[in-house]
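Here's the structure, in structure tokens; my notes come after.
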Amino acid sequence: MRVVVGYHRSSEPAEQLLSALPGEGHSARPAPVTDSAALTALAAAIGRDYGRCDALVNSAGITRFGPHANLDHLARPLLHTHLPNTLPA
């Protein structure tokens, strides 16, 4: 099995993870979860380079600190990041 590790800004932790994996052919690639076009291009590149994707683990996400009494300020940025690319088109 070959593994593709996606990252947003920091490739170094992704590269470190790859170095700890057994086997060969793994790669780290940009995967900004708020950019649908970039994710579409990533999927195409994985298909081209590996032929298929057997499993996908999405651990991306964001949060913001704020008062617990009023979480309305979180709704739009969190939903914009977490939902659009997890639902079928």
Side-chain angles (χ1 to χ4, degrees):
M1 177 190 307
R2 293 171 291 186
V3 175
V4 175
V5 176
Y7 63 88
H8 181 54
R9 293 186 184 105
S10 304
S11 63
E12 187 175 314
E15 295 289 347
Q16 288 175 353
L17 174 59
L18 292 177
S19 69
L21 296 174
E24 297 178 358
H26 310 303
S27 65
R29 302 180 188 212
V33 298
T34 58
D35 185 342
S36 294
L39 294 177
T40 299
L42 173 62
I46 290 170
R48 181 185 64 244
D49 296 345
Y50 295 107
R52 67 182 194 201
C53 176
D54 293 319
L56 173 65
V57 177
N58 179 10
S59 62
I62 65 166
T63 192
R64 298 235 172 28
F65 295 101
H68 288 107
N70 180 6
L71 298 179
D72 290 340
H73 70 285
L74 291 176
R76 187 168 300 255
L78 288 177
L79 292 175
H80 176 74
T81 298
H82 294 286
L83 288 181
N85 295 305
T86 59
L87 302 174

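Across Ala31 and Leu42, no two heavy atoms sit closer than the pair CB-CD2, 3.6 Å. Nearest approach of Gly25 to Tyr50, heavy atoms of both residues: O-OH, 2.7 Å.
Here Arg2 contributes atom CZ and Leu21 contributes atom CG; the two are 13.5 Å apart, rounded to the nearest 0.5 Å. Atoms CG and CD1, from Asp54 and Ile46 in turn, are 11.0 Å apart once rounded to the nearest 0.5 Å.
Pairs engaging residues 16-27 under the salt bridge (Lys or Arg N to Asp or Glu O under 4.0 Å) rule: none recorded [sequence neighbours left out].
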Donor-acceptor list for residues 12-19 side chains, cut-off 3.5 Å, not counting sequence neighbours:
unit_1 : atom_1 : unit_2 : atom_2 : d
Glu12  : OE2    : Gln16  : NE2    : 3.4
Ser19  : OG     : Gln16  : O      : 2.7

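Taking Ala38 as the reference, Pro32, Asp35 meet the side chain to side chain contact (heavy atoms under 4.5 Å, CB included) condition, with sequence neighbours excluded.
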